[in-house]
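Proteins get letters first, then strands, A, B, ... in listed order; numbering begins at 1 in each. If you're wondering where the values come from, they're calculated on a predicted model, not measured in any experiment.
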Number of protein chains: 2
Amino acid sequence: MKTKTLKSNNHDIFFKFKTNGHRLTAPRKAIITILSNTNNHPSVEEIYMEVHKQYPSIGITTVYRTLDLLVNWGLVHKFDFGEGKSRYELIEHPNGLGHHHHLICVNCKKIINYTDFINDEIELFQKLETRLSNKYNFKIKHHIVEFYGICEECINK
Amino acid sequence: MKTKTLKSNNHDIFFKFKTNGHRLTAPRKAIITILSNTNNHPSVEEIYMEVHKQYPSIGITTVYRTLDLLVNWGLVHKFDFGEGKSRYELIEHPNGLGHHHHLICVNCKKIINYTDFINDEIELFQKLETRLSNKYNFKIKHHIVEFYGICEECINK
DNA sequence: TTTCTTATTGATAATGATTATCATTTTCTT
DNA sequence: AAGAAAATGATAATCATTATCAATAAGAAA
Ligand SMILES: [Mn+2]
Ligand SMILES: [Mn+2]
Ligand SMILES: [Zn+2]
Ligand SMILES: [Zn+2]
């Protein structure tokens, strides 16, 4: 039984705020909670709207600032899928969804997460990261893999 | 002897303009030439500056428009490395540099192209694309692989 | 070559996402 | 309770990208 795979939860992130010498405030909690409760890749605007429900006084500036912090600490991925705005995603997702890759429809912009890696895939990426790290003296933090193309609906249409 | 691997050149792209029913104009030629003569990933502003030398009357709007065309025809990749602006790269590069992946320094934004894939890597990506295409009924056009981290100079500093 | 039709261009204004400012409010520590 | 520092939110400022539109140039037809 691998207890390692126990789901992490918000408390880890909350804790990180404290240990980093930053304050764990209501708006920050709210933003993290939103991120924890979605399987999408919400934009700043979307996160703002959502937080606003629970915490109407929040300003969108704070959303930007909090996300920046989380990205710099390596807790959140910042994506650009070519829409002219960024999208965000928790890296250690409390509700399952761990590291994954993306299929992106260039037509309708739909995004498919896939986590069902083939064995070779995980293995290769580990090998790759070691090789590249050594060869280029580059300390790799994370990677992004995106397949661009046309989704099912857009083909049949 | 594989004559297939002969380097493609600008004429292929020039030709494509015609067959697509678009006009091959001076500004368009100039933009394509710039893209052919760099190993970087120039931004719109950079391309504009460069073209401007040869063709001082060009407007930056035309650079945007031409790049859009090339991206839509699958001749140019549009990248976002997290700088708040897009960068572009010819897919079939006349001067060698073919398909490659990226190492991106999150600190100084330097970008390393690597083309020295290991055999497994190429093989895996082919397998992956077939599998994903079938599973998700998704017509894959191209993929992007980016490793984010800290480069040599930024570590020793 | 001249004429005609239409795609293309470039100046300019408009948009929209992200950042910078700064006075005010919270938080945490004495 | 008081003070120092961090965080917030309203607002203005930036900056990349788009939309408009009249002027121009390219290619087809004559
Ligand atoms: Mn995802
Ligand atoms: Mn490249
Ligand atoms: Zn689609
Ligand atoms: Zn660097």
Side-chain angles (χ1 to χ4, degrees), chain A residues 13-34 41-73 76-88 106 109, chain B residues 13-34 41-73 76-88 106 109:
Chain A
I13 300 187
F14 290 171
F15 181 74
K16 188 125 188 179
F17 261 98
K18 301 233 178 92
T19 57
N20 274 53
H22 288 105
R23 293 171 184 173
L24 180 54
T25 62
R28 283 171 177 176
K29 273 187 188 168
I31 291 168
I32 292 168
T33 302
I34 298 300
H41 314 84
S43 64
V44 170
E45 185 67 24
E46 285 163 356
I47 294 168
Y48 169 70
M49 297 291 223
E50 199 62 28
V51 176
H52 191 267
K53 292 180 189 168
Q54 312 299 132
Y55 192 93
S57 74
I58 198 173
I60 200 168
T61 316
T62 298
V63 178
Y64 275 103
R65 275 189 296 233
T66 304
L67 288 170
D68 270 359
L69 281 177
L70 293 168
V71 168
N72 284 331
W73 294 345
V76 163
H77 268 179
K78 182 179 186 178
F79 287 103
D80 184 291
F81 296 122
E83 303 165 288
K85 66 187 154 200
S86 301
R87 294 188 168 275
Y88 298 83
V106 296
K109 310 290 182 190
Chain B
I13 300 187
F14 290 171
F15 182 73
K16 189 125 189 178
F17 261 97
K18 301 238 177 89
T19 57
N20 275 53
H22 288 106
R23 292 172 184 172
L24 181 53
T25 64
R28 283 171 178 174
K29 274 185 188 167
I31 291 168
I32 292 168
T33 302
I34 297 300
H41 314 83
S43 63
V44 169
E45 185 67 22
E46 285 163 357
I47 295 169
Y48 169 69
M49 297 292 223
E50 200 61 30
V51 177
H52 190 268
K53 292 180 190 167
Q54 311 299 131
Y55 192 93
S57 73
I58 198 171
I60 200 168
T61 317
T62 299
V63 179
Y64 275 103
R65 276 188 294 232
T66 304
L67 288 170
D68 269 359
L69 281 177
L70 293 168
V71 168
N72 285 331
W73 294 345
V76 163
H77 268 178
K78 182 179 186 178
F79 287 105
D80 184 292
F81 296 123
E83 303 165 288
K85 66 185 152 201
S86 300
R87 294 188 168 276
Y88 299 82
V106 295
K109 310 290 181 190

### Close side-chain approach of Glu45(A) and Ile60(A), heavy atoms under 4.5 Å
yes

### Message
Measure CD/Glu83(B) against P/dA16(D) and give the value in whole Å, please.
### Response
11 Å

### Task
Could you check how far CZ of Phe79(B) sits from P of dT17(D), rounded to whole Å?
15 Å

## Note on the structure
Side-chain contact check for Pro27(B): nearest option of dT9(C), dA16(D), dT18(C) is dT9(C)

### Message
Checking Val51(A) against Thr33(A) for the side-chain contact (heavy atoms from CB on, under 4.5 Å) test, could you report, in this order, the C-alpha distance in whole Å, the side-chain angles of both residues, the deciding distance, and whether it holds?
### Response
CA-CA 9 Å; Val51(A) 176; Thr33(A) 302; over 6 Å; no

### Query
Can a side chain N or O of Arg65(A) be found less than 4.0 Å away from OP1 or OP2 on dG9(D)?
no

### Query
For Ile58(A), which contact category applies under a 4.0 Å heavy-atom criterion: base, sugar-phosphate, or nothing?
sugar-phosphate

### Message
Nearest to the Thr61(B) side chain among dT9(C), dA11(C), dA16(D), which nucleotide is it?
### Response
dA11(C)

### Query
Leu24(A) CG to dC28(C) P: how many Å, rounded?
8 Å

### Query
Given atom OH of Tyr64(B) and atom P of dA14(C), what is their separation to the nearest angstrom?
18 Å

#### Entry: Integer-rounded Å distance: dC15(D) C1' and Tyr48(B) OH
16 Å

### Message
Classify Ser43(A) by what it touches in the nucleic acid, base, sugar-phosphate, or nothing, heavy-atom distance under 4.0 Å.
### Response
nothing

### Query
Quick one: is Thr62(B) getting a side-chain N or O under 4.0 Å of the dG10(C) phosphate, OP1 or OP2?
yes

### Task
Grab the CG-P distance between Leu67(B) and dT18(D) for me, whole Å please.
11 Å

### Message
From the set dA16(D), dT18(D), dG9(D), return the single nucleotide nearest to any side-chain atom of Lys85(B).
### Response
dA16(D)

### Message
On the side chain of Arg23(B), is there an atom forming a donor-acceptor pair with the base of dT8(C) - under 3.5 Å, no angle test?
### Response
no

### Message
Walk me through whether Ile13(A) and Trp73(A) qualify under side-chain contact (heavy atoms from CB on, under 4.5 Å).
### Response
CA-CA 10 Å; Ile13(A) 300 187; Trp73(A) 294 345; over 6 Å; no

### Query
Heavy-atom distance under 4.5 Å between the side chains of Leu70(B) and Ile32(B), does that happen here?
yes

### Query
Within the pair Thr25(B) and dA7(C), is there a side-chain N or O less than 4.0 Å away from OP1 or OP2?
no

### Task
Side-chain contact test, heavy atoms from C-beta onward, threshold under 4.5 Å: evaluate it for Arg28(A) versus Phe17(A) and give yes or no.
yes

### Task
Please figure out whether Ala26(B) or Gly84(B) has its closest DNA chain D nucleotide nearer the 5' end.
Gly84(B)

### Task
To the nearest Å, give me how far apart CG (Asp68(B)) and C1' (dT9(C)) are.
15 Å

### Out of dA7(D), dT17(D), dG10(C), whichever nucleotide has its closest atom nearest the side chain of Arg28(A)
dA7(D)

### Query
With sugar-phosphate meaning primed atoms plus P, OP1 and OP2, does Tyr55(B) contact a base, only sugar-phosphate, or nothing at under 4.0 Å between heavy atoms?
sugar-phosphate

### Query
OP1 or OP2 of dT18(C) less than 4.0 angstrom from a side-chain nitrogen or oxygen of Ser86(A), does that happen here?
yes

### Message
Measure CZ/Arg87(A) against P/dT18(C) and give the value in whole Å, please.
### Response
10 Å

### Message
I want to check something: taking the side chain as every heavy atom from C-beta on, are Glu50(B) and Tyr55(B) in contact at a cut-off of under 4.5 Å?
### Response
no

